[in-house]
J.: 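The structure is given below, and queries will be raised subsequently.
In this text, all values refer to a predicted model and were calculated from it rather than measured experimentally. Every heavy atom of this structure was used, including side-chain atoms; hydrogens, water molecules and symmetry mates were not.
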Amino acid sequence: MRVDAMAERLVRRGLWPDADAVYRVLAAADRLTRAAMWLVVHMTYARRVDLSGSPLPAEAFKANPEGHTGGSLNMTPAFVGYLTANVLSGTTRSWVMGQGHCVAAVEAINALTGDVSAAQRGRYDRSETGLSQLAADFYSYGVRPDGRPAPPLGSHAGATTAGAVSEGGYLGFAELQYIHMPLRGESLVAFLSDGAFEEQRGSDWSPRWWRAEDSGLATPVMILNGRRIEGRTEIEQEGGATWLERHLTLSGFDPVVIDGHDPAAYAWAVLDAEERLKRFTADPNRRYPAPLPYVIARAVKGFGFPGAGTNRAHNLPLEGNPSTDPAARAEFNEAAGALMVRKRELDAAVAVLKTHDLQHRPLESRHPAATRHPPAPRQPAPAWAAEAASPMDALDGWFAAFVAANPQLRPRVGNPDELRSNHMSRTLDQLKHRVNRPEAGAAEAVDGAVITALNEEAVAGGALGNKGGLSLIVSYEAFAVKMLGALRQEIVFARRQREIGEPPGWISIPLIATSHTWENSKNEQSHQDPTLSEALLGEMSDTARVLFPLDANSAVAALSAVYGTRGQLACLVVPKRTTPALLNGPAARAFAAQGWAHLAGAPADADVQIVAIGAYQALEALWARDRLQARGRRVCVTAVLEPGRLRVPRDTHEAAVTLADVEMAAAFPRELPRVLVTHTRPEPLQGLLRRLDGGPERMTGLGYIGHGGTFDVFGMLFANRCTWAHIVAAAAQVTKAAPTDVLDGPELSALAGKTNPRVLDTGPD
């Protein structure tokens with residue numbers, strides 16, 4: 001009944017000449033689905049295919065089969081249904097797949113339709129040779145001489161998967177991003193898993209964020225097969241689709257249940273969902289939240305192959321290995337034979353579905369979300385600070401002006417909480433919290449661009465999904481660690497795109513980590529954690545950037561520099577308290593461009609070099625220099641904005657953004673004794689900065705050592721042995737000087753833990 005009504009509507013609107021033409025498309029979709037399911041099981045078990053339909057012999061099977069077979073079998077009719085909806089409507093929708101381990105379905109369909117990525121072109125096609133190569137490559141573990149994967153496909157959706165925008169390896173993050181992905185005038189289908197429902201519950205808020213005024217049509221499709229790796233999902237335990245319908249309705253969704261084994265049902269569901277959302281959009285009296293359509297596709301896990309509905313279906317549904325077990329081999333051949341579509345019939349079906357030229361629309365691999373390259377944003381001139389100022393206040397003013405200068409780019413600010421407390425008041429007043437019922441007198445609006453919820457992953461998804469616009473994330477440093485998984489997914493995918501020569505085109509996304517470890521001293525140790533920046537420094541520095549501005553001017557220069565790049569995730573660790581102005585405007589620009597700067601002295605004239613990473617660390621380093629200079633030592637203080645640019649590059653991409661050996665030798669002479677004082681724990685940075693390290697006798701590191709509590713800033717610095725006096729003592733150590741030569745008795749007594757440390761609080765005399 002649903003499909004009959006859909007066909008009648010399509011004919012009435014002039015999209016198709018008659019119902020028979022619509023049904024020819026649906027019949028072609030059935031055949032493509034069967035053929036793709038046939039190919040999926042070959043990708044798991046076989047080294048080759050046989051288009052004649054002959055049973056495969058033992059030697060044609062993999063000795064060690066692998067593949068998330070059941071989920072991929074379920075994903076096959078879903079993805080074909082998405083293609084079918086595009087054919088029937090003449091529109092190429094974007095797509096995202098949260099369950100990236102089901103990539104075999106997408107790769108199989110792409111190979112059969114010929115819509116493969118540039119890396120796969122000429123390797124995978126609809127011929128027996130091409131399909132055999134696809135099956136052989138899947139989980140072949142091939143490695144090139146340069147250490148890269150040899151085959152252009154992997155266990156999850158990747159940069160070589162045509163049309164993929166996310167790996168989908170960390171379940172739950174597509175659920176948080178999809179509603180923020182489509183721009184107005186676009187459509188998107190998000191394939192979601194019932195297992196991920198248990199991972200990230202922030203997806204329940206999608207109706208809270210969607211607005212017809214600035215959002216494209218979004219259709220979430222959950223494949224409800226009721227099983228995760230080792231048992232039933234929570235949804236299944238609670239009552240299955242009936243329970244889920246009630247739950248989604250309470251969350252503001254408008255759910256509908258379909259047969260998850262039928263591509264026609266998926267096509268109908270996508271078109272029907274968009275019709276419902278369009279009717280809501282057309283209502284001049286509409287009120288938010290919108291009743292966002294949600295498709296629940298009920299399916300048996302692994303449907304279409306032996307082992308369906310069992311725990312085995314997740315990975316290897318057969319009870320035995322066809323390469324060594326005759327019974328399993330016979331079972332495979334019988335089941336695969338039932339799915340097989342003869343080549344002539346398949347060719348005809350694909351021809352029916354290849355309507356792109358006729359309908360003047362892009363291939364699915366070139367959907368809008370996969371080809372993001374917004375225009376370069378206009379950057380306002382900074383209002384450089386001449387005196388002490390809050391770096392966060394300076395960022396706030398510049399970012400608000402930046403957004404105002406680019407009305408063509410949709411803004412999204414991910415905000416777990418306390419944007420005003422984090423000194424982003426101008427941004428908040430200008431963009432406002434997005435809410436359904438604004439409170440009078442509050443910075444709230446139905447069309448607000450600040451995505452606020454006390455859930456770090458969910459609000460990060462608002463910014464990360466907005467790759468067609470301008471995005472920013474602002475968080476307490478300690479709690480931003482919760483975003484790490486989502487950030488890493490983006491970093492790894494974007495890095496892989498660079499590696500295959502197809503770098504991402506979206507405007508880089510900054511995460512500002514403020515209320516940070518050293519200034520959040522007033523709170524307990526839960527608020528004092530530099531883990532995020534340490535972890536991100538482990539990623540490739542050409543894609544994951546970590547920056548430590550010193551003052552208001554360098555903070556603005558750093559943020560401006562990030563927005564001038566594409567396809568990068570950047571973490572800026574920024575103080576919100578007032579800090580002295582250490583760099584004027586031009587110097588701040590140079591600092592951002594170079595990644596480091598000498599704040600005082602020069603290495604060629606120094607007895608010791610103090611390398612400071614972080615604003616409070618730079619201030620203590622300059623105080624330490626004052627004392628050392630007063631005692632006859634020559635000191636160079638060098639601030640490092642971006643430590644990743646000083647590392648030993650791990651490949652050619654990273655080498656392009658790191659300092660050359662000759663530059664390093666000039667700025668950081670290897671023979672010069674050195675003290676490193678860092679915002680982070682010292683050990684990770686000492687490992688990162690091996691090029692600065694002349695050995696333990698010539699370089700020592702100070703930083704966060706895991707001590708904390710309810711302190712003021714000085715107390716935090718003292719507890720972690722990072723005051724100016726600790727730096728002076730460390731400098732004496734690496735220069736083989738006596739501590740008494742550079743520190744007075746009361747100061748040494750305080751460092752030894754014998755007397756009141758407040759003697760050090762006011763700095764050196």
J.: When Thr427 is tested against each of Asp396, Asn422, Asn415 for side chain to side chain donor-acceptor pair (under 3.5 Å), which residue passes?
T.: Asp396
J.: If you look only at pairs with a residue in residues 371-391, which of them pass as a ring-ring contact (aromatic ring centres under 6.0 Å, His included), with sequence neighbours excluded?
T.: none
J.: More than 12 heavy atoms of other residues, nucleotides or ligands under 6.0 Å from CZ of Arg690: is that the case?
T.: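 Open.
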J.: Quick one, Asp661 with Arg691, criterion salt bridge (Lys or Arg N to Asp or Glu O under 4.0 Å). Give me CA distance, side-chain angles, the key distance, then yes/no.
T.: CA-CA 9 Å; Asp661 288 341; Arg691 298 169 81 189; 2.8 Å; yes
J.: Kindly check if the number of other-residue, nucleotide or ligand heavy atoms within 6.0 Å of CZ (Arg647) is above 12?
T.: yes
J.: Show the numbers, then the answer: is there a ring pair (Phe, Tyr, Trp, His ring centres under 6.0 Å) between His726 and Phe718?
T.: CA-CA 8 Å; His726 290 92; Phe718 182 84; 5.5 Å; yes
J.: Only one of His516, His679, Glu519 clears side chain to side chain donor-acceptor pair (under 3.5 Å) with Tyr616; which?
T.: Glu519
J.: Quick test of your reading of the model: are Asp693 and Arg670 salt-bridged, counting only N-O distances below 4.0 Å?
T.: no
J.: Return yes when atom CZ of Arg488 has more than 12 non-hydrogen atoms of other residues, nucleotides or ligands closer than 6.0 Å, and no otherwise.
T.: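 Result for CZ/Arg488: open.
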J.: More than 12 foreign heavy atoms under 6.0 Å from CD of Gln408: is that the case here?
T.: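 More than 12 heavy atoms, drawn from other residues, nucleotides or ligands, come within 6.0 Å of this atom.
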J.: Let me confirm one number: the CZ-CD distance from Phe668 to Glu663, rounded to the nearest 0.5 Å.
T.: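 Here the rounded value is 11.0 Å.
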J.: How long is the span from the CE atom in Met392 to the CZ atom in Arg577, to the nearest 0.5 Å?
T.: 14.0 Å
